Amino acid sequence: MAYLSTVTMNKESWLKVRRTGIGGTDVAAILGLSPYKTAVDVYLEKTGQSKPGQENARMKAGRLLEDVVAQWWALENGCKVRRDNKVRFHPQYPVLLANIDRLISATDDERGPGVLEVKTTSGFNFKRWEENGLPPDTYCQIMHYLHVTGHKWGRVAVLVDGYDLKDIPVVYDAEYIALMREQLLDFWHNHVENKVPPEPRNESDIRALWPRVNPEKCVQADETTFETLERLTDVTRQLAELGSQKSELEQQIKLLMKDASVLKDGDDALVTWRQSKDSTRFDNQRFKQDFPALYNAYAESRPGSRRFVLKRG
């Protein structure tokens, strides 16, 4: 199997390699199963039109705890695990990549080596795992790794609430992998290679694909669009009426509460109307007037916001 060693690879080089194919963390987004990204996000990253998102606190915690959880899992399960230190390429479909968390060494049951995927989550989230099985994004990620590496089994080591280690076995599913592979290759060849973006799934996708407005461009409404506009107008009118009723009812309660922070029925709180802490606001306009050169040195241009306005109804 072809691979590139990541031992001496810096982050920039690693990201460059990732752009040459579909990795495990891209799969769920392409299949429409990710709660964090869409196929459009992946498309823009692979075509160099955007950069990967910044690491948040949850992602950082998962990265820093990965080795601890992997070693803990190995100790609990009597297995040996090791860092793979490779970006692997599928032997038949080299645009399918895998950078696995850990490789489980060959075991005594003749299954050969396996793939260990490490996750951290909260007890609240893990309850859904117990009720519904592995989340779809995690399941397709490890199936992708099994597909690319050729290994036939894997485990998901999950650290819950920072102290409760769970072990979830995963078995190679040939039928699922075949369906997944078809969609991934279709995405790569028909969208990434042909520079044709996939269908947007939400407003964020629309804004990402068309960040700036062409002030000279107009489109004509067809029959389907008119039907959509009629429904939108009706819903907008209903929301306006309900919003007005809501404001009037809230005002009556607020007038009763005056400067009180809680409305109760005995010991039970019915409504809270608390005041947040005082905040300090940066006076952008004053800073611009007093220090124009410094302001201009740090100012950056961003696309203006788009305001959606119904002009009829």
Side-chain angles (χ1 to χ4, degrees), residues 3-7 9 11 14-15 17-18 22-29 31 33-37 52-88 96-107 111-173 176-177 180:
Y3 67 85
L4 287 175
S5 172
T6 60
V7 174
M9 192 180 291
K11 185 176 180 180
W14 179 74
L15 290 173
V17 172
R18 275 182 49 87
I22 297 171
T25 55
D26 302 322
V27 174
L31 300 182
L33 299 174
S34 172
Y36 311 111
K37 296 173 65 176
Q54 294 294 314
E55 184 180 60
N56 57 32
R58 177 184 57 81
M59 295 163 64
K60 184 177 181 179
R63 176 175 57 82
L64 294 176
L65 289 170
E66 182 181 297
D67 192 54
V68 173
V69 177
Q71 294 301 327
W72 186 358
W73 178 90
L75 183 65
E76 292 289 325
N77 290 274
C79 295
K80 292 183 179 180
V81 298
R82 62 177 175 83
R83 292 178 181 273
D84 197 43
N85 293 324
K86 298 179 180 71
V87 176
R88 295 173 178 264
L96 303 182
L97 316 178
N99 189 192
I100 66 177
D101 286 345
R102 295 294 185 279
L103 187 70
I104 307 171
S105 299
T107 58
R111 289 186 298 175
V115 172
L116 180 67
E117 180 67 18
V118 176
K119 299 292 183 184
T120 56
T121 192
S122 67
F124 176 79
N125 283 333
F126 192 73
K127 286 181 180 178
R128 286 180 285 186
W129 290 41
E130 291 178 312
E131 293 170 358
N132 306 314
L134 277 175
D137 54 331
T138 300
Y139 184 77
C140 66
Q141 181 181 7
I142 195 166
M143 281 298 145
H144 178 76
Y145 290 152
L146 295 178
H147 180 218
V148 173
T149 62
H151 301 318
K152 300 303 179 184
W153 65 284
R155 291 294 236 273
V156 180
V158 189
L159 184 62
V160 182
D161 286 338
Y163 68 90
D164 190 7
L165 183 66
K166 305 291 186 181
D167 172 37
I168 302 175
V170 180
V171 179
Y172 189 97
D173 186 334
Y176 183 92
I177 285 173
M180 180 178 67

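Please read these numbers as outputs of a predicted model, since none were measured by experiment.
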So [Y] and [X], do their side chains get closer than 4.5 Å, heavy atoms only?
{"X": "Asp67", "Y": "Arg83", "result": "yes"}
{"X": "His151", "Y": "Leu103", "result": "yes"}
{"X": "Phe126", "Y": "Asp164", "result": "no"}
{"X": "Gln141", "Y": "Val27", "result": "no"}
{"X": "Lys152", "Y": "Leu146", "result": "no"}

>> Run Leu159 and Trp72 through side-chain contact (heavy atoms from CB on, under 4.5 Å) and show every step you take.
In response: CA-CA 10 Å; Leu159 184 62; Trp72 186 358; 3.4 Å; yes
> Quick one: does Trp153's side chain have a donor or acceptor within less than 3.5 Å of a partner on Pro113's backbone?
Replying inline: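 The answer is yes, because a donor-acceptor pair under 3.5 Å joins these two groups.
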>> With a 3.5 Å distance limit and no angle check, can you tell me whether Ser122 reaches the backbone of Asn125 through a side-chain donor-acceptor pair?
In response: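 Looks like yes, one N/O pair under 3.5 Å.
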Could you pull out the closest heavy-atom pair between [X] and [Y], with the gap in Å?
{"X": "Gly62", "Y": "Thr120", "answer": "CA-OG1, 3.8 Å"}
{"X": "Glu76", "Y": "Leu165", "answer": "CG-CD2, 4.0 Å"}
{"X": "Met59", "Y": "Gln54", "answer": "SD-O, 4.2 Å"}
{"X": "Leu96", "Y": "His147", "answer": "CD1-CE1, 3.7 Å"}
{"X": "Leu116", "Y": "Asp101", "answer": "O-CB, 3.3 Å"}
{"X": "Ala98", "Y": "Tyr145", "answer": "CB-CD2, 3.6 Å"}

Working to the nearest 0.5 angstrom, can you tell me the gap between [X] [atom1] and [Y] [atom2]?
{"X": "Ile177", "Y": "Cys140", "atom1": "CD1", "atom2": "SG", "result": "11.0 Å"}
{"X": "Ile142", "Y": "Ile100", "atom1": "CD1", "atom2": "CD1", "result": "9.0 Å"}
{"X": "Glu117", "Y": "Ile104", "atom1": "CD", "atom2": "CD1", "result": "10.5 Å"}
{"X": "Asn77", "Y": "Asp167", "atom1": "CG", "atom2": "CG", "result": "4.5 Å"}
{"X": "Arg88", "Y": "Thr6", "atom1": "CZ", "atom2": "OG1", "result": "10.5 Å"}

> Tyr163: what forms a side-chain contact (heavy atoms from CB on, under 4.5 Å) with it, not counting sequence neighbours?
Replying inline: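 Testing Tyr163 for side-chain contact (heavy atoms from CB on, under 4.5 Å), a comparison that skips the adjacent residues, returns Asp161.
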>> Leu134: which residues meet the side-chain contact (heavy atoms from CB on, under 4.5 Å) condition with it, sequence neighbours left out?
In response: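 With neighbours one apart ignored, the set is Trp129, Thr138, Tyr139, Val156, Ile168, Val170.
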>> Can you confirm if the NZ or CZ of Arg18 lies within 45° of the ring axis of Trp14 and under 6.0 Å from the centre of its six-membered ring?
In response: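 Yes; both conditions hold, so Arg18 lies above the ring face of Trp14.
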> Considering residues at least two apart in sequence or located in another chain, which fulfil the side chain to side chain donor-acceptor pair (under 3.5 Å) criterion with Glu66?
Replying inline: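 Glu66 satisfies side chain to side chain donor-acceptor pair (under 3.5 Å) with Arg102 only.
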